[in-house]
2 protein chains.
Amino acid sequence: MGDDTSQRLLDAAEMLFAEHGFVQTSLRAITTLAHANLAAVHYHFGSKDELTRAVFVRRLKPLNEERLARLTVLENSGGPVTVEAVLTAFIEPSLQLRRAGVQGERFTRLLGRAQLEPSEALRDFMNEQYAPVLERFQRTLVQTLPELSPVDIHWRLCFTLGALSFAYAGALWAWLPFKVREVGDERWLQQQLARFLTAGLRAPPLEKEVDMAV
Amino acid sequence: MGDDTSQRLLDAAEMLFAEHGFVQTSLRAITTLAHANLAAVHYHFGSKDELTRAVFVRRLKPLNEERLARLTVLENSGGPVTVEAVLTAFIEPSLQLRRAGVQGERFTRLLGRAQLEPSEALRDFMNEQYAPVLERFQRTLVQTLPELSPVDIHWRLCFTLGALSFAYAGALWAWLPFKVREVGDERWLQQQLARFLTAGLRAPPLEKEVDMAV
DNA sequence: TCCCCATTCAAACGCTTGTTTGAATTATCC
DNA sequence: GGATAATTCAAACAAGCGTTTGAATGGGGA
């Protein structure tokens with residue numbers, strides 16, 4: 001089975017995408033790093049776009065599946081469904097991926113970038129991957145936070161994902177005058193994130209004012 | 001003065017960058033849209049990279065200057081410096097830019113992308129632009145939120161910028177089953193953002209636990 | 001009117017890109 | 001072991017890229 005070559009291509013692509021971006025990474029760089037022939041990409045995946053999608057599917061699908069699984073467990077546990085618990089069901093699997101090794105860390109760095117990507121094809125693909133998960137989490141949060149409207153929750157989930165992505169991408173680490181570079185403890189970051197986002201999600205809704213069109 | 005051509009080039013570049021991304025936008029597309037000659041870019045800016053930087057400087061510099069100005073006014077007003085007020089000093093100028101027209105909206109859509117950009121040159125440039133502003137806001141928040149450590153505040157500012165960027169980029173709008181597409185009221189979004197982020201920044205710090213390395 | 005400087009222009013440069021092709025090689029099964 | 005399919009390979013393709021060049025063009029001061 002040429003699965004071996006496929007895996008090597010995916011690994012190489014993931015690594016180079018994280019390092020240099022999607023567009024800037026050439027198939028020649030990928031195949032060289034993977035010790036494969038240039039034509040191997042088209043043989044195994046069909047095109048560069050499909051390779052890109054495959055890179056995401058490989059890790060994002062299990063990731064989102066675990067998020068949903070955890071949410072289901074939480075809802076079926078019978079206990080009260082807190083905001084923290086819902087948030088943890090969403091965040092923890094990705095943190096776990098990061099702790100798993102360099103590959104996981106690299107991959108999470110890609111996730112935020114992919115969502116802001118200008119390429120309509122990739123963005124549509126990401127939406128397709130995230131939509132069911134976000135809808136599901138939204139439905140749960142609507143019940144957990146009955147004082148908020150679904151639109152409120154939609155946007156707050158949007159903010160949540162943004163904060164998460166920036167944290168993973170390590171954006172803006174450099175500006176800090178003193179050293180935080182060795183973030184080291186991912187668990188600490190997770191707690192910091194959960195603290196921030198829980199408070200944000202729990203914030204009281206806007207008072208109705210002026211004319212609300214939405 | 002060829003200023004006219006320069007401006008048209010900047011406008012065209014900004015528009016195409018927002019639409020298709022930095023790398024995907026060719027100088028030929030830019031100069032065609034700007035009704036300029038291909039060589040005009042190198043004549044007026046020197047290279048594509050410098051054109052890119054110029055696109056950002058044109059709007060980001062005034063934007064960050066106004067942020068700092070508002071913060072200064074706030075601090076000199078004598079009244080109590082609340083988290084909301086600090087946050088507003090940071091957010092409002094960008095919202096104002098968005099309300100100003102399509103160009104402003106397009107530009108803010110670029111901002112998030114630029115921070116997650118893999119190109120080290122552009123990322124360094126963005127850090128250079130943001131560093132003084134974020135440091136300044138951090139210093140103020142350290143006093144406003146004395147129960148938080150500077151590192152806490154650093155990360156929460158990071159989350160803040162992430163949420164802001166995602167909101168501006170309109171990332172993940174598509175997943176919502178019902179229609180929110182016509183966000184319409186930017187003011188409403190601003191309030192929603194401020195509500196969320198204020199609560200996040202105000203969240204109590206993590207309890208010291210286990211061994212804290214950072 | 002002439003000159004000079006800033007600007008514009010068409011054309012070409014060398015290089016890299018994703019993709020295709022058809023033959024060579026390797027593995028699989030009867 | 002020979003046929004059949006799966007996989008790899010080197011080579012070439014056309015197209016697009018950022019950049020450079022050197023001549024043409026334009027308007028303003030002497």
Side-chain angles (χ1 to χ4, degrees), chain A residues 1-58 110 113-114 117-125, chain B residues 1-58 110 113-114 117-125:
Chain A
M1 11 216 99
D3 255 22
D4 191 36
T5 302
S6 301
Q7 287 302 316
R8 272 184 291 122
L9 286 173
L10 288 174
D11 288 341
E14 183 178 80
M15 142 121 215
L16 292 170
F17 285 164
E19 194 82 19
H20 306 111
F22 307 110
V23 198
Q24 318 240 34
T25 300
S26 70
L27 292 186
R28 283 164 178 83
I30 295 173
T31 50
T32 300
L33 183 60
H35 297 293
N37 187 270
L38 173 58
V41 169
H42 291 85
Y43 179 78
H44 288 279
F45 298 96
S47 69
K48 186 185 181 181
D49 276 350
E50 296 195 51
L51 203 221
T52 308
R53 277 192 286 272
V55 166
F56 280 102
V57 167
R58 180 169 65 150
L110 278 179
R113 201 142 75 210
E117 193 69 8
S119 147
E120 198 159 329
L122 187 53
R123 220 174 34 221
D124 286 354
F125 169 77
Chain B
M1 17 212 95
D3 258 21
D4 191 36
T5 302
S6 301
Q7 288 302 315
R8 272 184 291 123
L9 286 174
L10 288 174
D11 288 340
E14 184 178 80
M15 141 121 215
L16 291 171
F17 285 164
E19 195 81 18
H20 306 111
F22 306 109
V23 198
Q24 318 241 33
T25 300
S26 70
L27 293 186
R28 283 165 178 85
I30 294 173
T31 51
T32 299
L33 182 60
H35 298 292
N37 187 270
L38 172 59
V41 169
H42 292 86
Y43 179 78
H44 288 279
F45 298 96
S47 70
K48 186 184 180 182
D49 275 350
E50 296 195 49
L51 203 222
T52 307
R53 276 192 286 272
V55 166
F56 280 102
V57 166
R58 179 168 67 151
L110 279 178
R113 200 142 75 210
E117 192 69 10
S119 147
E120 198 159 328
L122 186 54
R123 218 175 34 219
D124 285 355
F125 170 77

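Since we're looking at a predicted model, the values are computed, not measured. A, B, ... follow the sequence lines: proteins, then strands. Residue 1 opens every chain.
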Could you list the donor-acceptor pairs under 3.5 angstrom formed by side chains in residues 28-39 of chain A, with sequence neighbours left out?
unit_1, atom_1, unit_2, atom_2, d
A:Thr31, OG1, A:Leu27, O, 2.9
A:Thr31, OG1, A:Arg28, O, 3.2
A:Thr32, OG1, A:Arg28, O, 2.6
A:Asn37, OD1, A:Ala39, N, 2.9

Report yes if a side-chain nitrogen or oxygen of A:His44 is closer than 4.0 Å to either non-bridging phosphate oxygen (OP1 or OP2) of D:dT8; otherwise report no. yes
Please give, in whole Å, the distance from C:dA27 P to A:Asp4 CG? 12 Å
In short, B:Ala13 meets B:Leu51 closest at the heavy-atom pair CB-CD1, 3.8 Å
Could you tell me how far apart B:His20 (NE2) and D:dC17 (P) are, to the nearest whole angstrom? 12 Å
Rounding to an integer number of Å, can you tell me how far B:Glu50 CD sits from D:dT19 C1'? 13 Å
Identify all side-chain donor-acceptor contacts of residues 17-24 of chain A below 3.5 Å with residues at least two apart in sequence or on another chain.
none

Would you mind reading off the distance between B:Phe45 atom CZ and D:dG18 atom C1', rounded to a whole angstrom? 16 Å
Send over the distance from A:Tyr43 OH to D:dA10 P, rounded to a whole Å. 17 Å
Note: A:Arg53 and A:Phe125 closest approach over all heavy atoms is CD-CD1, 3.5 Å
Figure out the CG/P separation between A:Leu9 and D:dC9, and round it to whole Å. 11 Å
Would A:Asp4 and A:Arg8 satisfy salt bridge (Lys or Arg N to Asp or Glu O under 4.0 Å), going step by step from the backbone distance to the final call? CA-CA 6 Å; A:Asp4 191 36; A:Arg8 272 184 291 122; 3.8 Å; yes
Minimum heavy-atom distance B:Ser47-B:Val41, with the two atoms named: O-CG1, 4.1 Å
Please write out each protein N/O paired with an N/O of nucleotides 17-21 of chain C under 3.5 Å, distance rounded to 0.1 Å.
unit_1, atom_1, unit_2, atom_2, d
C:dT17, OP1, A:Ser26, OG, 3.3
C:dG18, OP1, A:Lys48, NZ, 2.8
C:dG18, OP2, A:Leu27, N, 2.9
C:dG18, N7, A:Arg28, NH1, 2.8
C:dG18, O6, A:Arg28, NH2, 2.8
C:dT19, OP2, A:His42, NE2, 2.9
C:dT19, OP2, A:Lys48, N, 3.0
C:dT19, O5', A:His42, NE2, 3.1

Please tell me if A:Asn37 has a side-chain N or O lying less than 4.0 Å from either OP1 or OP2 of D:dA10. yes
To the nearest Å, how far apart are A:His35 NE2 and D:dT8 P? 14 Å
